[in-house]
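Every heavy atom of this structure was used, including side-chain atoms; hydrogens, water molecules and symmetry mates were not.
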Amino acid sequence: MATYNVTGAVAGIPLGKKMQTVEVVLDFTSTNLAAGDIVNVFEIPDNTLVLMAGIEVYQAASTGSPTIDMGDAAAADTWVTDVSGSAVAQEFGQTAKLYTAADNIDILGVTATFDGKIRCVAVMCDLGDPGTGAPFA
């Protein structure tokens, strides 16, 4: 069996693009998130690897039992399913997903009106255009 080396692949030294964390705080205290409302939180360019995304509820709703999902065009709950908005809580989905086409990470009000504050976070890496590849011989 032949052994092939990838030029520049040295342990401990990252190659290529760097990871980035994106974060936004959404304040629904004056304009509430109603059940069925969708907010486009992060724009995801094509060829982006998202390693995790999630929600931290740091100011709970004043009444009711709202729940919130975080997802994308494929599924409303790709990243978070029914995080409680009625108490300080958090949920982070950690299944990596490669977005080969541009998309958004969205939040969705699921069960009741939410009038608190949440922090939305995602860790992603722009992989760029894969191109045609290098000859392998």
Side-chain angles (χ1 to χ4, degrees):
M1 172 186 266
T3 299
Y4 297 96
N5 294 314
V6 177
T7 303
V10 179
I13 301 173
L15 296 175
K17 311 265 180 161
K18 295 187 179 184
M19 297 292 162
Q20 63 177 325
T21 301
V22 291
E23 171 187 11
V24 65
V25 173
L26 302 177
D27 182 346
F28 293 106
T29 57
S30 61
T31 302
N32 302 159
L33 178 70
D37 284 353
I38 297 172
V39 176
N40 296 328
V41 179
F42 302 123
E43 293 180 10
I44 308 297
D46 62 338
N47 297 312
T48 298
L49 177 64
V50 177
L51 295 176
M52 60 77 62
I55 296 172
E56 174 193 14
V57 177
Y58 71 90
Q59 180 178 323
S62 60
T63 62
S65 298
T67 57
I68 304 166
D69 284 356
M70 178 182 258
D72 55 25
D77 60 356
T78 301
W79 299 102
V80 171
T81 303
D82 295 334
V83 69
S84 173
S86 60
V88 174
Q90 61 183 344
E91 183 177 333
F92 292 89
Q94 298 179 13
T95 301
K97 181 173 182 179
L98 175 61
Y99 288 87
T100 57
D103 202 341
N104 292 309
I105 292 180
D106 311 312
I107 60 164
L108 168 69
V110 181
T111 58
T113 298
F114 176 73
D115 63 355
K117 295 179 184 180
I118 61 173
R119 176 175 24 195
C120 301
V121 178
V123 176
M124 62 184 76
C125 181
D126 176 8
L127 297 181
D129 184 4
T132 57
F136 195 82

- Message: Is it the case that over 12 heavy atoms from other parts of the model lie below 6.0 angstrom from the CD atom of E43?
- Response: no
- Query: Quick one: do V88 and I68 end up in the same hydrophobic cluster if we chain Ile, Leu, Val, Met, Phe, Trp and Tyr together by side-chain heavy atoms under 4.5 Å apart?
  - Reply: no
- Item | Close side-chain approach of C120 to L26, heavy-atom, < 4.5 Å | yes
- Reported CE-to-CG distance for the pair M19 and D126, which is rounded to 0.5 angstrom: 11.0 Å
- Item | Distance in Å, T95 OG1 paired with M52 CE, rounded so as to fall on 0.5 Å steps | 11.0 Å
- Separation between CG of N40 and CG of D103, rounded to the nearest 0.5 Å: 9.0 Å
- Message: Would you compute the distance between atom CG of D115 and atom OG1 of T63 and round it to the nearest 0.5 angstrom?
- Response: 5.5 Å
- Message: Hydrophobic clustering (ILVMFWY, side-chain heavy atoms < 4.5 Å, transitive) - are L51 and W79 grouped together?
- Response: no
- After noting the C-alpha distance and the side-chain angles of I105 and V50, does the key distance pass the side chain to side chain contact (heavy atoms under 4.5 Å, CB included) rule? CA-CA 10 Å; I105 292 180; V50 177; 4.3 Å; yes
- Give a yes or no on whether V41 and V123 share a hydrophobic cluster (residues Ile, Leu, Val, Met, Phe, Trp, Tyr; joining criterion: side-chain heavy atoms under 4.5 Å apart). no
- Query: Rounded to the nearest 0.5 Å, what separation is found between the SG atom of C125 and the CG atom of L98?
  - Reply: 10.5 Å
- Message: Strictly distance-based, threshold 3.5 Å: is any side-chain N or O of T48 a donor or acceptor partner for the main-chain N or O of M124?
- Response: no
- Interatomic distance, OG1@T81 vs CD@E91, rounded to 0.5 Å, equals 6.0 Å
- Query: Given L33, which of T113, I107, I118 fulfils the side chain to side chain contact (heavy atoms under 4.5 Å, CB included) condition?
  - Reply: I107
- Query: What is the minimum heavy-atom distance between S65 and T111, and which atoms define it?
  - Reply: O-OG1, 3.0 Å
- Query: Just wondering, do V57 and F114 contact through their side chains at under 4.5 Å, heavy atoms?
  - Reply: yes
- Message: Please check: side-chain N/O of T67 versus main-chain N/O of V110, any donor-acceptor pairing under 3.5 Å?
- Response: no
- Item | Polar side-chain atom of D106 near backbone of I38 as donor-acceptor pair, under 3.5 Å | no
- Item | Under 3.5 Å donor-acceptor, E23 side chain and R119 backbone | no
- State, yes or no, whether a side-chain contact exists between S86 and P66 at a heavy-atom distance under 4.5 Å. yes
- Closest contact, heavy atoms only, D72 versus K97: OD2-NZ, 2.7 Å
- Message: For a 4.5 angstrom cut-off between non-hydrogen side-chain atoms, does K117 reach D27?
- Response: yes
- Going hydrophobic residue to hydrophobic residue with side-chain gaps under 4.5 angstrom, can you get from I44 over to V22? yes
- Item | Transitive ILVMFWY side-chain link V39 to V24, under 4.5 Å | yes
- Side chains of V121 and T21: does their closest heavy-atom pair fall under 4.5 Å? yes
